[in-house]
Amino acid sequence: SASASASASASAQSKTHISTPVTDKRQRDSDSRSPEEKAKELAEELRSGLGPLAQGWGRSSHEVGAEKFVDTFFKASRLHFIGTWKERYDTLLDVMDDTPPLIEINPRWIFHVDMDAFFASVTTRGVPELQRLPVVICWGSEKSNSGEISCANYVARKSGVKAGEWLSSAKEKCPTLISFPFEFEKYTETAMNMYKALFRLTPHVLGLSCDEAYLDVSQVVADAALANPFADVNHVVSEIAEKLRREIFQVTGGCTASIGCGSNQFLSRLATKQAKPDGYFHLEDSKVLDFIGKLNVSDLPSVGWSTTKILKEKGIQTCFELRKLSQKFLAQDLKLGPKTAKKIFEYCRGIDTRPWNPRPIRKSVSAQISWGVRMKTDSEVEDFLKHLSAKVVDRMLAMFKKTSGNKAKGTAAEEANVIRSFHGASLVSLKVWRAKKNANPNKRKGSLGHGQCDRLHRSLTRSFPTKDPEEVARNTIGLFKALKIEAEEVRGMGVILGNLHENKNSASSTSVRKLSTNQAKRRRTVLEPFRNTFNLSAALQASTLTKDIENLQTLSHKEMVDAIIDQLRKTKTEPEVLPFLGNKKACEAAAFCNGETCGSVHCFQKHMLDCTAQFLYEMCVSIDDDLVRIRCLIQAVKQIANCIWEKDSDLNKYWQSCCDQLKFQYREDVNVCSSSQISYSSSRNSDIIMNSSGIVGLGK
DNA sequence: TGCGTGTGGTAG
DNA sequence: ATCGCTACCACACGCA
């Protein structure tokens, strides 16, 4: 395979213009300086093009201000680049034809394609003088030797330099090491070109990251074997792989890929390790047990640092030794749990039962920063959370626009409909890094690392979903208050959005996001008693606002709800922000945090507003008939908009009249639902009985 | 038993 | 001084 790849390199060298043309100094030098000098100069040139980012911008959030800090951090963060890669990959999938479902045929042939030292290879591609030097990718420069190495090319690896290492320590091992800055746009473009090449071979591509993918080539192999019935199958497969590697080399402008091949995903991934760098390796089924037996347990996927340690304590180092243990022993005695035990029990025998899932449905969106986060006051914390929330909501909406944009097949009106039908997230979580009391400053990555921290997490199940960044900010600020952490202790924060909802009544909601089974079940349970007491025909007769109805018929469900919530908000003064909906612990914490405010009229109003909005939202999704729904909603809005709650008796009156209007049964003995019922008592005499789906009744 | 929450582990 | 992210899974525990 080495000679094959050499010829691949030679043939592709002249065709680098197919992909990104190399426009900088990399290729044009003809002076007499040494390759090292030229490389260092090039590295400096690339760095200076990055502005303040790479030129010593290591300043904290406190100095820079939240807005600029959040923005700059994400632009420069390699982990953010890796973490958000699937969002960019989605844009490629969106413009492609839908992948036909995979039919598993026997024998199964899976390729695992992995670019060699991807970041470094993008930087040095097409320039052999550069490729012969030890090169790493990280933010540290010639002047400052700190910075964590993200990628080392194979020359540097020969000196023992590894990813994850500090630049200073790497330079001790390899004094001639040259460090290049990140070039994220180029990685993205190169990865896209690589993927397009993969898709030209087969539609069955399962993208893992910007430099790594699985391919199911069973059908490709079957076709090739049929066309050439007397050829050795292994030979046929290796030809396909080598051809693909040549193709990747061409379209990436000279980056090499390795391909591992096996009869399932796991085996092909193991094979790649053997194939690297710049090669192909087929792990045959007959050799699997021997091959795996020699591996360390930590080579198995899902065996990380922690599991390795547990196994090592029992004297288990290799997969051969691991095979002697029973699944039950792994699960119970080693406390790995039944699932992990089953997984590694099967992996060390070459078994992989993971289904082929090329485009899993996204269940959450998050944004977090735990570097350079330094705060002095609560208002700085709030400012930071506002910008983090804006960021995460942005990404959530962008994701939805893209994934559903494809389904709407293009026209602006259809796409608008798709966006409208997305309701947002109803789970809002906050993650906080809190500096440990006596944190050791040496266990910190540079002066702006988070150091030793406790990580805390609080979540809030909202009564209705939101896609409003300010709303998310209010919720996370509330959660932060409930945690009772001093601003000075904060070393990092993250905002996570979950339970992503799409209107199930919307025509375009087919399959992108769905309520989980549990959510759907719970929703039915909550709605059932309402359905039975809801007199639709009476509500219809009660409605006199026919003109408005005509105007409103063009609105989507969600627009209706938004309009209602908007109305609701206008009826109150600025609410206290407290995370007391649907979360008993958060409720208690908030009450403890500020007992006086928690029972206040404002706070109570906020509670009522959320509950009411939930109530209307449920109504929206439960009534199928547009006209009926709109009429009922108009009645409700009319009531709510005119209502100002100042006293408990007003609240009760409001609810009673609202229920009357809508022909709901008003019940004093609120015993409606359900398993996880929560009673929230204010300092007044009203009880709201609710579960985490929202209000289910009203008591005295 | 089933559900919701918080924590920990893992990959890339 | 040098950018410690993101998404998912699994589990323990408390509660009803």
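Just so it is clear: chains get the letters A, B, ... in the order the sequence lines come, proteins before strands, and each one is counted from 1.
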Looking at [X] and [Y], does any basic side-chain N land under 4.0 Å from a carboxylate oxygen?
| X | Y | answer |
| --- | --- | --- |
| D90(A) | K86(A) | no |
| E189(A) | K186(A) | no |
| K40(A) | E44(A) | no |

Problem - Separation of I316(A) CD1 from L311(A) CG (nearest 0.5 Å) - result: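 Output value for this atom pair is 6.5 Å.
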Whole-Å distance between [N] [atom2] and [X] [atom1]?
| X | N | atom1 | atom2 | value |
| --- | --- | --- | --- | --- |
| E165(A) | dT2(C) | CD | C1' | 16 Å |
| Q332(A) | dC11(C) | CD | P | 12 Å |
| F384(A) | dC3(C) | CZ | C1' | 12 Å |
| Y214(A) | dA11(B) | OH | C1' | 10 Å |
| M493(A) | dG4(C) | CE | C1' | 16 Å |
| K391(A) | dC5(C) | NZ | P | 14 Å |
| F73(A) | dT6(C) | CZ | C1' | 12 Å |
| N499(A) | dA7(C) | CG | P | 15 Å |

When you check the phosphate oxygens OP1 and OP2 of [N], does a side-chain N or O of [X] lie under 4.0 Å from one of them?
| X | N | value |
| --- | --- | --- |
| H80(A) | dT6(C) | yes |
| K363(A) | dC9(C) | yes |
| R395(A) | dT6(C) | yes |
| S364(A) | dC8(C) | yes |
| R362(A) | dA7(C) | yes |
| R78(A) | dG4(C) | yes |
| S459(A) | dG4(B) | no |
| S306(A) | dG9(B) | yes |
| T72(A) | dC3(C) | no |

Problem - Exercise: do T72(A) and R59(A) side chains pair donor with acceptor under 3.5 Å - result: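 Checked: T72(A)/R59(A) side chains show no N/O donor-acceptor pair below 3.5 Å.
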Problem - Polar side chain donor-acceptor pair, S169(A) to E172(A), under 3.5 angstrom - result: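 S169(A) vs E172(A): no donor-acceptor pair found between side chains.
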Practice task
Using the six-membered ring for Trp and the full ring for Phe, Tyr or His, decide whether W139(A) stacks on the six-membered base ring of dT2(C) (centres under 5.5 Å, planes under 30°).
Solution key: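 Not stacked by the 5.5 Å and 30° rule.
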Tell me what [X] touches on the nucleic acid: a base, only sugar-phosphate, or nothing, going by heavy atoms under 4.0 Å.
| X | answer |
| --- | --- |
| G337(A) | sugar-phosphate |
| W85(A) | nothing |
| S146(A) | base |
| S302(A) | sugar-phosphate |
| Q368(A) | base |
| P301(A) | sugar-phosphate |
| G164(A) | nothing |
| K339(A) | sugar-phosphate |
| G147(A) | sugar-phosphate |
| I496(A) | nothing |
| H450(A) | base |
| F74(A) | sugar-phosphate |
| G140(A) | nothing |
| S447(A) | sugar-phosphate |

Problem - Other residues, nucleotides, ligands: >12 heavy atoms within 6.0 Å of E142(A) CD - result: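 Result for CD/E142(A): enclosed.
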The side chain of [X] lies closest to which of these nucleotides: [options]?
| X | options | result |
| --- | --- | --- |
| S141(A) | dT2(C), dC8(C), dT7(B) | dT2(C) |
| R444(A) | dG9(B), dG4(C), dG6(B) | dG4(C) |
| T340(A) | dA7(C), dC11(C), dT7(B) | dC11(C) |
| R458(A) | dC3(C), dG12(B), dG6(B) | dG6(B) |
| W371(A) | dG9(B), dG4(C), dG12(B) | dG4(C) |
| R269(A) | dA7(C), dC3(C), dG12(B) | dG12(B) |
| E148(A) | dT5(B), dC3(C), dC8(C) | dC3(C) |
| W166(A) | dG12(B), dG6(B), dT2(C) | dT2(C) |
| S366(A) | dT10(B), dG6(B), dA7(C) | dA7(C) |

Practice task
Looking only at non-hydrogen atoms, find the nearest pair between C138(A) and G147(A) and report the distance.
Solution key: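 Scanning both residues completely, I find the closest heavy atoms to be SG-O, 4.5 Å.
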Practice task
State, to 0.1 Å, how close A117(A) and R157(A) come at their nearest heavy-atom pair, and which atoms those are.
Solution key: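 Between these two residues, the closest heavy atoms are CB-NH2, 3.7 Å.
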Handout entry: Closest-nucleotide 5' rank along DNA chain C - winner of N145(A) and W433(A)
Key =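 Here N145(A) is the residue nearer the 5' end.
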Practice task
Between V365(A) and P338(A), just flag the one whose closest nucleotide in DNA chain C comes earlier from the 5' side.
Solution key: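 It is V365(A) whose nearest nucleotide is closer to the 5' end.
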Problem - Pairwise C1' distance for dG4(C) and dT10(B), with rounding to whole Å - result: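 The same atom, C1', in both gives a distance of 16 Å.
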